[in-house]
Amino acid sequence: MYYKKVAKKVASKITFSNGPVVHRVRLLDESENPGSQETEIVDYYQLLADKGDVQSQVGLGQLYYQGGKAIHQDHQEALEYFTKAANTGNAIGYAFLGKLYLEGSEFIKSDNETAFKVSKTNSI
């Protein structure tokens, strides 16, 4: 209960231009964080991603791309987060966008031309 109060207060003061450094928990390696509240961690990463944190955008994109305990696989959400990261020039965001368009899914049409364009010109 106290942790949530402190976390909310800190999260409200975070800026990414000159803000404080925030220690992050890696979401993809759940074995190192046994007993953690996965949904609360995902909520925290979504807050950071919405505030423009590129690492959180890429991390959430990967979680939605692969699926996991706290997040069901959702390529549409993955596309959204990878696009946000790519729009900042993030290479990993571009790589996953290319992969999404190359492979396609239920919601994303496989499009080799778009996949090639994303990987070649780094533009969407």
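Values reported hereafter were calculated over all heavy atoms of this structure, with side chains retained and with hydrogens, waters and symmetry mates removed.
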For this session: Check whether the ring centres of His75 and Tyr64 lie less than 6.0 Å apart, and answer yes or no.
Result: no
For this session: Determine whether Glu77 and Tyr81 make a side-chain contact, defined as any pair of heavy atoms from C-beta on separated by less than 4.5 Å.
Result: yes
For this session: Decide whether Gln55 and Tyr45 meet the rule of one side-chain donor and one side-chain acceptor closer than 3.5 Å.
Result: no
For this session: With rounding to the nearest 0.5 Å, note down the distance linking CG in Leu79 to OH in Tyr101.
Result: 4.5 Å
For this session: Calculate, to the nearest 0.5 Å, the distance between atoms OH and CG belonging to Tyr94 and Asn87 respectively.
Result: 6.5 Å
Exercise. Quick one: CZ on Phe82 to NZ on Lys99, what's the gap to the nearest 0.5 Å?
Worked result: 10.0 Å
Problem set entry | Between CG on residue Leu97 and CG on residue Leu102, distance to nearest 0.5 Å | 12.0 Å
Problem set entry | Minimum heavy-atom distance Thr88-Ala85, with the two atoms named | OG1-O, 2.6 Å
Problem set entry | Reported NZ-to-CG distance for the pair Lys84 and Asp50, which is rounded to 0.5 angstrom | 5.0 Å
Exercise. Considering all heavy atoms of both residues, which atom of Gly93 and which atom of Ala86 are nearest to each other, and what is their separation?
Worked result: C-CB, 4.0 Å
Seminar exercise, completed: For Leu60 and Ala49 the tightest heavy-atom approach is CD1-CB, 3.8 Å
Exercise. If every non-hydrogen atom of Gln66 is compared with every non-hydrogen atom of Gln73, which pair is closest and at what distance?
Worked result: O-NE2, 4.2 Å
Exercise. OG1 of Thr83 to CG of Asn90: how many Å apart, nearest 0.5 Å?
Worked result: 12.0 Å
